[in-house]
Amino acid sequence: MKKQPFVTKEQLQEIVKEYPTPFHIYDEKGIRENTLALKEAFSWNPGFKEYFAVKATPNPFLMQILGECGCGCDCSSLTELMLSEAAGFSGEDIMFSANAMPAEELVYANKMGAILNLDDFTHIAFLEEAVGGIPETISCRFNPGGQFSISNEIMDNPGDAKYGMTREQIFESFRVLKAKGAKRFGIHAFLASNTATNDYYPVLARILFELAVELREKTGAEISFINLSGGIGIPYEPEEEPNDIRAIGQGVKKVYEEVLLPAGMKDVALYAELGRFMMGPYGGLVTTAIHEKHTYKEYIGCDACAVNLMRPAMYGAYHHITVMGKEDAPHDHIYDVTGSLCENNDKFAIDRRLPRIDRGDLLFIHDTGAHGFSMGYNYNGKLRSAELLLTKEGDVKLIRRAETPRDYFATFDCFPIGKFLT
Ligand SMILES: *Cc1c(COP(=O)(O)O)cnc(C)c1O
């Protein structure tokens with residue numbers, strides 16, 4: 001499938017007059033349409049709710065859009081909780097799914113009325129001590145251990161993952177929580193990331209649904225919700241087939257009918273905590289080619305670098321690049337597209353076949369809407385970029401300004417900075 005940016009070269013040329021590159025830009029229309037498709041795919045389950053994984057794109061303006069579409073949010077830290085609050089979320093529209101969380105974060109989440117998703121048996125006592133009791137609604141995270149495979153293909157290694165409770169521990173947790181007053185229970189598992197198959201959710205659903213039936217039988221706990229969490233992937237490469245969310249919804253429905261209905265569990269709500277799937281394709285990093293260099297290889301140096309998008313440096317991840325206005329030009333050059341960090345892994349693309357790039361060309365780096373800006377850091381004293389929203393009306397709105405040196409130095413109290421800064 002040909003990957004096309006959701007903005008045109010002409011639009012971007014207008015935008016950069018007001019907002020210099022680099023910046024991340026998000027597509028409101030795409031976000032809304034995709035969220036609607038997700039909701040439709042699971043409309044057979046009346047309690048279905050997507051809790052957006054805030055860590056993927058922690059911007060309250062984008063979270064508000066999802067809130068308007070009926071989503072809640074999934075948080076793992078104090079500031080994510082605060083962001084959710086600022087974006088208008090409250091109570092059980094917030095899932096707090098932290099591991100190794102400090103007590104004060106639990107206290108804050110509990111005050112907000114968020115659903116707490118416990119990562120370990122020992123967190124029951126930790127929670128009791130932190131907040132003085134056990135909430136009536138509570139969730140536990142399950143880790144089946146071993147390897148997780150789908151039709152003989154190994155997807156991931158839950159046995160090596162720090163998350164979740166063993167089978168024995170989750171049964172024991174339910175018994176203890178019930179004795180301490182919990183009334184509505186949920187279970188949660190996240191077993192593979194960025195999956196490229198419509199079978200991930202259905203296979204995970206079967207594991208969790210069977211566990212839910214057994215947990216109810218053996219502990220008498222009322223299972224209110226089952227959280228399939230994140231992990232539905234997106235096609236980063238142009239040849240990749242996108243997941244079909246309708247097929248995924250139908251696949252989960254089939255398992256629901258096979259496992260939960262015969263057990264008399266027809267009112268269990270399904271939750272999701274998708275991050276990448278909700279936002280990934282609807283964000284792009286726009287950067288200007290500011291240098292070209294010809295040594296042992298051909299290099300294009302950009303004004304963005306790995307601090308704006310870490311995935312290529314961190315995971316060797318592929319992000320498609322469109323050279324704006326040269327979509328149909330012959331791709332007859334081979335470039336490393338780099339940033340300016342003193343790190344040789346600061347490359348958005350290595351040996352990438354692209355059209356000839358000239359200084360001043362705008363590059364659109366695709367699929368940065370999730371785990372893009374949010375993984376940013378300040379290495380080499382680089383500053384975080386702005387975030388812009390292309391609204392559904394076609395206007396451009398600044399939803400986070402770029403950092404300035406003042407922001408970077410803000411944590412040195414009273415440090416005299418930048419005499420050349422105005
Ligand atoms: C990261 C995370 C998610 C979102 O994962 P995606 O791969 O972006 O869908 C959901 N839930 C939890 C607990 C997470 O840590």
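Whatever order the structure lists them in is the order used to number ligands and atoms, beginning at 1.
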Ligand 1-proximal atoms of [X], by part, heavy-atom distance under 4.0 Å:
{"X": "N117", "result": "neither"}
{"X": "F277", "result": "neither"}
{"X": "R141", "result": "side chain"}

### Message
Let's go through N308 and R384 carefully: what are the C-alpha distance in whole Å and the side-chain angles of both, what is the deciding distance for side chain to side chain donor-acceptor pair (under 3.5 Å) to 0.1 Å, and is it a yes or a no?
### Response
CA-CA 6 Å; N308 306 111; R384 287 181 174 80; over 6 Å; no

Does [X] pair with [Y] as a salt bridge, N-O distance under 4.0 Å?
{"X": "E128", "Y": "K180", "value": "yes"}
{"X": "E68", "Y": "R32", "value": "yes"}
{"X": "K2", "Y": "E327", "value": "no"}
{"X": "D74", "Y": "K55", "value": "no"}

### Task
Return the option from E273, H371, K55 holding the heavy atom at the smallest distance from atom 14 (C) of ligand 1.
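Shortest heavy-atom distance from atom 14 (C) of ligand 1: K55.
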
Per-atom contacts of ligand 1 with [X], taking only distances under 4.0 Å to non-hydrogen atoms:
{"X": "A53", "value": "3 (C), 4 (C), 10 (C)"}
{"X": "G230", "value": "5 (O), 9 (O), 10 (C)"}
{"X": "G275", "value": "4 (C), 6 (P), 8 (O), 9 (O)"}
{"X": "D74", "value": "10 (C), 11 (N), 12 (C), 13 (C)"}

### Task
Give yes or no for whether the N/O distance cutoff of 3.5 Å, strictly under, is met between R276 and ligand 1.
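Yes.
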
### Message
Check whether D303 reaches the backbone of T288 with its side chain - one donor and one acceptor, N or O, closer than 3.5 Å.
### Response
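Side chain of D303 to backbone of T288: a pair is present.
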
### Query
Contact between G231 and ligand 1, counting heavy atoms under 4.0 Å?
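True for this residue.
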
### Task
Answer with yes or no whether A56 contacts ligand 1, where contact means a heavy atom under 4.0 Å from a ligand atom.
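Under 4.0 Å: no for A56.
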
### Query
So, do F185 and F174 have ring centers that fall under 6.0 Å from each other?
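They qualify: ring centres under 6.0 Å apart.
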
#### Entry: Pair H188-F190, ring-ring contact (aromatic ring centres under 6.0 Å, His included): steps then yes or no
CA-CA 7 Å; H188 169 285; F190 186 173; 7.4 Å; no

